[in-house]
There are 2 protein chains.
Amino acid sequence: MRATRQGDAVSAALAEVDAFTSAQDLHARLRDMGQAVGLTTVYRHLQVLADRGEVDVLRRDDGETLYRRCTTDNHHHHLVCRHCGRTVEVEGPEIEAWTDRVAAAAGFTDVAHTLEIYGTCTDCAADPG
Amino acid sequence: MRATRQGDAVSAALAEVDAFTSAQDLHARLRDMGQAVGLTTVYRHLQVLADRGEVDVLRRDDGETLYRRCTTDNHHHHLVCRHCGRTVEVEGPEIEAWTDRVAAAAGFTDVAHTLEIYGTCTDCAADPG
DNA sequence: GCCGATAATGAAAACGATTGTCAATCCTCC
DNA sequence: GGAGGATTGACAATCGTTTTCATTATCGGC
């Protein structure tokens, strides 16, 4: 992919945000930064980054898709604040072992899993605004 | 909620399907059964059943929402065939303990989690058509 | 068994996130 | 400094889902 102002801007915006963020939110954030990028283009870059495994993808209950640049390349899960989106990455080898064991017991192959933990972070618990 | 032909039909259709099923799929299934129910009505009943905890809800990667009448009322997870939707319910007390422990360590409160396991069931592995 | 209040239905329109279209624009390599 | 091909972005289209609202059906009271 070519280096473009828009691509760089999307990557930079992602790097600045710790929380899981939607495409629309990033679009607005870029506009506010004076780095306006078309919404379509934001979606496109997010898709490419997701395909490459450079961002993690999460789907909110209401259907909006959230993206986040994670710090580790290892398989991990997320502890996500349901108010502000702030996220802690967690690893749990015992979880992987458990899911593999359960799936094998049922005769399932080609196994993958999704696990996300939702809660209220300390900041949001202190300031429920 | 009043007893209606449509409500009964939706519940009956759900009872007949083992797999996680979409609203649109149920709608078509009902029509084929000669028990046609408006799509809007199917959505409405599914929403009510989901709110009551009588059906479990799952979101597919493409955004479609899937529903399933589960056999246990206990908190459990799903081992879902990504080809046919056939589902095995699994419980994992150690998972609950782990997520609670991890969340507490990070200071998160009001914790919940989602965990689904996806794979290929024995039937679909035998007949990849 | 009938009636009326009111809940349920469903066709069509609205909605919202996302994706496709396509002409204009921008990189990159020569 | 082009030429050529990828990238952009305004707009329209898509698709699952929800809302609207006039019509229909249910059920408690008579």
Side-chain angles (χ1 to χ4, degrees), chain A residues 1-14 17 19-52 54-69 80 82 85 114 116, chain B residues 1-14 17 19-52 54-69 80 82 85 114 116:
Chain A
M1 217 174 180
R2 286 180 178 172
T4 63
R5 177 186 72 75
Q6 291 88 340
D8 293 348
V10 169
S11 292
L14 273 171
V17 189
F20 268 93
T21 315
S22 72
Q24 318 242 8
D25 189 33
L26 274 176
H27 173 66
R29 198 178 288 268
L30 285 163
R31 177 181 305 266
D32 293 348
M33 282 175 164
Q35 292 287 327
V37 174
L39 182 56
T40 307
T41 303
V42 173
Y43 274 108
R44 262 190 296 240
H45 280 282
L46 287 172
Q47 182 120 7
V48 169
L49 291 171
D51 288 350
R52 280 196 200 142
E54 293 183 24
V55 299
D56 280 7
V57 178
L58 209 61
R59 213 167 253 274
R60 224 166 43 185
D61 273 357
D62 68 1
E64 231 182 354
T65 305
L66 305 180
Y67 305 85
R68 181 172 186 271
R69 160 149 276 145
V80 185
R82 63 165 69 83
T114 65
E116 315 298 340
Chain B
M1 217 175 179
R2 288 179 179 171
T4 63
R5 176 185 73 75
Q6 290 88 340
D8 293 349
V10 170
S11 292
L14 273 171
V17 189
F20 268 94
T21 315
S22 72
Q24 318 240 10
D25 190 34
L26 274 175
H27 173 66
R29 197 177 288 268
L30 285 163
R31 176 181 305 266
D32 293 348
M33 282 175 163
Q35 293 286 326
V37 174
L39 181 57
T40 308
T41 302
V42 173
Y43 273 110
R44 260 191 298 242
H45 280 282
L46 287 172
Q47 181 121 2
V48 169
L49 291 170
D51 288 349
R52 280 194 199 143
E54 294 184 22
V55 299
D56 281 8
V57 178
L58 209 62
R59 213 169 253 275
R60 226 168 39 187
D61 273 356
D62 68 2
E64 230 183 355
T65 305
L66 305 179
Y67 304 85
R68 181 172 186 271
R69 160 149 276 145
V80 185
R82 63 166 69 85
T114 65
E116 316 297 340

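Heavy-atom basis, side chains included; hydrogens, waters and symmetry copies ignored. Chain letters run A, B, ... following the sequence lines, proteins first, then strands; residues in each count from 1.
- One atom, CG of A:D61, and another, P of C:dA17, lie 15 Å apart when rounded to the nearest Å.
- The side chain of B:Q6 contributes no N or O atom lying less than 4.0 Å from OP1 or OP2 of C:dA8.
- Each of A:L39 and B:Y67 was matched to the nucleotide of DNA chain D holding its nearest heavy atom; the match closer to the 5' end belongs to A:L39.
- Ionic pairing of A:E54 and A:R69 is present here: one or more N-O contacts between side-chain nitrogen and carboxylate oxygen are shorter than 4.0 angstrom.
- Going from atom CG of A:L58 over to atom P of C:dT18 covers 12 Å, rounded to whole Å.
- Between A:L66 and A:T21, the closest side-chain pair of non-hydrogen atoms is not below 4.5 Å.
- Using a 4.0 Å heavy-atom criterion, one finds that B:H27 contacts no nucleic acid atom at all.
- With values rounded to the nearest 0.5 angstrom, B:D56 atom CG is found 12.0 Å from B:Y67 atom OH.
- Panel note: side chain B:R60, backbone B:E64; no donor-acceptor pair is recorded below 3.5 Å.
- Comparing the end axes of the helix from C:dG1-D:dC30 to C:dC30-D:dG1, each fitted to five base pairs by superposing C1' atoms of four pairs onto the next four, gives an inter-axis angle of 30° (nearest 10 degrees).
- Applying the 6.0 Å contact sphere to CG of B:D8 captures more than 12 heavy atoms from other residues, nucleotides or ligands.
- Where B:T40 and A:A3 each meet DNA chain C at their nearest nucleotide, the meeting point lying more 5' is that of B:T40.
- Summarising the geometry, the separation between CG on A:D62 and P on C:dC15 is reported as 17 Å, rounded to the nearest angstrom.
- Rounded to whole Å, atom P of C:dA12 lies 17 Å from atom OH of B:Y43.
- Side chains of A:Q24 and A:Y43: a donor on one and an acceptor on the other come within 3.5 Å.
- Closest contact between the side chain of B:R44 and the listed nucleotides C:dT18, C:dA5, C:dG10 involves C:dG10.
- The distance between atom CE of A:M1 and atom P of C:dT28, rounded to the nearest whole Å, is 12 Å.
- Atom CZ of A:F20 sits about 15.0 Å away from atom CZ of A:R82, to the nearest 0.5 Å.
- The CZ atom of A:R2 sits 10 Å away from the C1' atom of C:dC29 (whole-angstrom rounding).
- Rounded to whole angstrom, the span from the CD atom of B:Q47 across to the P atom of C:dT9 amounts to 14 Å.
- Counting any heavy atom pair closer than 4.0 Å across all strands shown, B:T4 reaches sugar-phosphate atoms only and no base atom.
- To the nearest 0.5 Å, atoms OG (A:S22) and CG (A:L58) are separated by 12.0 Å.
- Put simply, chain A comes within 4.0 Å of DNA chain D, heavy atom to any atom, from D:dG4 to D:dC11, going 5' to 3'.
- For the atom pair CG of A:L26 and NE2 of A:H45, the computed distance is 12.0 Å after rounding to the nearest 0.5 Å.
- Residue B:H45 places none of its side-chain N or O atoms closer than 4.0 Å to OP1 or OP2 of C:dA8.
- Although no hydrogens or angles enter the test, the distance criterion places a donor-acceptor pair under 3.5 Å between the side chain of A:H27 and the main chain of A:V37.
- The residue A:S22 sits apart from the nucleic acid: no heavy atom pair falls under 4.0 Å.
- Rounded to whole angstrom, the span from the CD atom of A:Q24 across to the C1' atom of C:dT19 amounts to 12 Å.
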